[in-house]
Amino acid sequence: MGKRRRVAERRKTNPAVLVGGAIAVVVVGAGAGAYALYGSSAAEDRTQTAAADAKAKVKTGPLSAKEVATASRAFLTAWQQGKVTDAAAATDDATAARKLLTGYTKDARVKGVTLTAGTPTGAEVPFSVKGTVTYDKLSKPLAYDSALTVVRREADGEPVVAWQPSVVHPDLKDGDTLVTGESGTPPIKALDRDGGELTTAKYPSVGAILDSLREKYGKTAGGKAGIELRVVRGKGSKSADKTVLELSKGTPGTVKTTLNPTLQAAAEKQVAEKARSSVVVLRPSTGEILAAANASKGFNTAFQGSLAPGSTMKVITSSLLIEKDLASANKAHPCPKYFTYGGWKFQNDDKFEIKGGTFKASFARSCNTAFISQAPELDDDSLTKQAQQVFGLGLNNWSVGVSTFDGAVPVQSQAQMAAELIGQGGVRMNPLNMASVSATVKSGVFHQPYLVSPDVDGRKLATASRTMSSGTLSQLRELMAYTAAYGTAAEAMSGVSGDVGAKTGSAEVDGQKKPNGWFTAYRGDLAAAGVVQAGGHGGETAGPIVAALLKLGG
């Protein structure tokens, strides 16, 4: 919030303004006229000199504390006084700022605004907002915290506020607006599988889920709309509208979910202890979602994240290689230090190699080159078809009951195709997708995950067009079981007994010092997957989260 800088659009500006003052206007005007009439080189010189002077006056360098304080005060003061044009002019995108600030009064109906700046941290200035939302005879106080960042304006280097919608309210993103009125969508009362109410007070992660459930079922669940201030998402947004303040309560309809209260509470506890973590638990035999939690409450990474899954993708790749007789669990398989394909030189973590090892050993230790070495034997679309046809991924047709991202395994070639075999390149997944992968291995068939039973609204769940052969499935389970007992997942899975299987993953991300850590596993009739962004190796980060939840049942 307040940290993303946006570069202002270049606007056509009278060059005289850059030089400054009425005298400059006269000089530039005269010069332009002289050049038009006589083709004067002197006029040309004056124009070049003026441009050089303007360029020389552009301020550069780090912002001083005084500049940050002055720029933020100018913006906040103008906003508080209702001087929208002045407030917008104090930003690097006056047009966008003016539109949203105007709507703050006109559409959101916020009056009597008081803005109080906090202590700056560098160029970022936190501030509190207090006001009153009024609609007809209804009125209610509004209070929240926000932040802004001061940057140098591109044209002249003067300090201004870097404009972004979250300055006005932290839940706003590009294209979103704040609106007060009849909600349009009645509220819902979401229940867990045992009939208990799901609230953010009890389960902090369910906020995004509740918003999405209301968007889909609010009009059909039997409720009545109330009056509220809400964030209305922009066109194309995957997020649901969000209630900011209720002025009058509507009558909620009831929606029952598949969430297990014990597992959900445990999942909440696990992610609360690990920053940027997310986890999902499924029932493999049915596809029911039993728990879903995120350390960050602003975005449902568990369902909507789009991240490279790293070596957890090797579960899908292994099924492909076994089906095509390019690998077999207990047969010898190459795991060299390096393998070059498509002009890229791939290597293993710490450049290890396994001499004379089996494919099972390579899977358990997560040998990248064992998989990359088979790229020459595959078609560009082999992995894409396997993910879609066997695991139900990448078709964008899941009907979970809330908004989800259903994975992506695009057809690529050369080095990028090879990278996809180890969960890099263009492959994108989230914990819901990877929990479903383990669930498919455990059950032997893809069951589309769902949070609301299809019996509620008669919707059709996605299916896979084919299943793995019994031989392939048996070997895949053997690989995951061996990894859980003796491979990179062994430490995390220690103490998880019964019919188990697991796979770790680490996905490198540009600009991150540590990779995203992934872990997917099953035990009995539970399957789970988690990710810890920028956390490090999956066995050490996401592994303990997943294992702790699997221990609760099976």
Side-chain angles (χ1 to χ4, degrees), residues 191-195 256-264 266-267 279-293 302-303 312 315-316 318-319 387-393 395 397-402 404 406-407 429-481 483-484 493 496-503 519-530 546-554:
L191 306 178
D192 62 35
R193 67 188 303 108
D194 295 338
K256 189 173 183 179
T257 72
T258 58
L259 292 181
N260 178 295
T262 300
L263 283 169
Q264 183 62 32
V279 68
V280 170
V281 184
L282 302 177
R283 189 179 300 285
S285 60
T286 62
E288 294 168 278
I289 298 172
L290 303 179
F303 287 0
T312 55
V315 176
I316 298 176
S318 294
S319 71
Q388 293 177 343
Q389 296 173 2
V390 176
F391 292 88
L393 293 163
L395 294 170
N397 63 346
W398 289 13
S399 183
V400 174
V402 293
T404 61
D406 305 338
M429 299 286 168
N430 54 47
L432 177 63
N433 306 147
M434 295 315 300
S436 179
V437 169
S438 279
T440 298
V441 176
K442 178 60 183 70
S443 68
V445 62
F446 167 69
H447 292 288
Q448 185 224 282
Y450 64 87
L451 185 70
V452 176
S453 171
D455 295 338
V456 170
D457 50 5
R459 70 189 190 282
K460 185 177 180 180
L461 301 184
T463 59
S465 61
R466 63 185 179 88
T467 60
M468 289 176 278
S469 68
S470 59
T472 297
L473 183 60
S474 176
Q475 289 191 60
L476 198 55
R477 289 171 177 168
E478 183 180 351
L479 294 176
M480 293 186 70
T483 303
M493 293 292 283
V496 184
S497 60
D499 178 16
V500 300
K503 183 68 187 81
F519 200 93
T520 185
Y522 61 81
R523 178 199 177 201
D525 202 17
L526 289 184
V546 170
L549 297 176
L550 293 180
K551 288 178 181 178
L552 293 177

Task: Within-4.5 Å side-chain heavy-atom neighbours: Lys256 and Ser453 - done: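 Lys256 vs Ser453: side chains apart.
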
Open item on the list: Could you check whether any side-chain heavy atom of Ser497 comes within less than 4.5 Å of a side-chain heavy atom of Arg523, counting everything from C-beta outward?
Closed with: yes

Task: The single option from Leu432, Leu290, Val400 passing side chain to side chain contact (heavy atoms under 4.5 Å, CB included) against Leu451 - done: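 Passing option: Val400.
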
Task: Verdict with reasoning, Leu282 to Ser436, per side-chain contact (heavy atoms from CB on, under 4.5 Å) - done: CA-CA 7 Å; Leu282 302 177; Ser436 179; 4.1 Å; yes

Open item on the list: Quick one, Met480 with Ser438, criterion side-chain contact (heavy atoms from CB on, under 4.5 Å). Give me CA distance, side-chain angles, the key distance, then yes/no.
Closed with: CA-CA 9 Å; Met480 293 186 70; Ser438 279; 3.6 Å; yes

Task: Note: Asp499-Arg477 ion pair, threshold 4.0 Å (strictly below) - done: no

Open item on the list: How close do Met493 and Tyr522 get, counting heavy atoms only, and between which atoms?
Closed with: CE-O, 4.4 Å

Task: Exercise: identify the closest heavy-atom pair between Phe391 and Val441 - done: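 In this case the closest contact between Phe391 and Val441 is CE2-CG2, 4.3 Å.
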
When rounded to the nearest 0.5 angstrom, what distance separates [atom1] in [X] from [atom2] in [Y]?
X      : Y      : atom1 : atom2 : value
Leu393 : Ile316 : CG    : CD1   : 5.0 Å
Asp525 : Arg283 : CG    : CZ    : 5.0 Å
Ser285 : His447 : OG    : NE2   : 6.5 Å

TODO: Check step by step if side-chain contact (heavy atoms from CB on, under 4.5 Å) holds for Gln448 and Thr463.
DONE: CA-CA 7 Å; Gln448 185 224 282; Thr463 59; over 6 Å; no

Task: Worked check of side-chain contact (heavy atoms from CB on, under 4.5 Å) between Leu526 and Leu549 - done: CA-CA 9 Å; Leu526 289 184; Leu549 297 176; over 6 Å; no

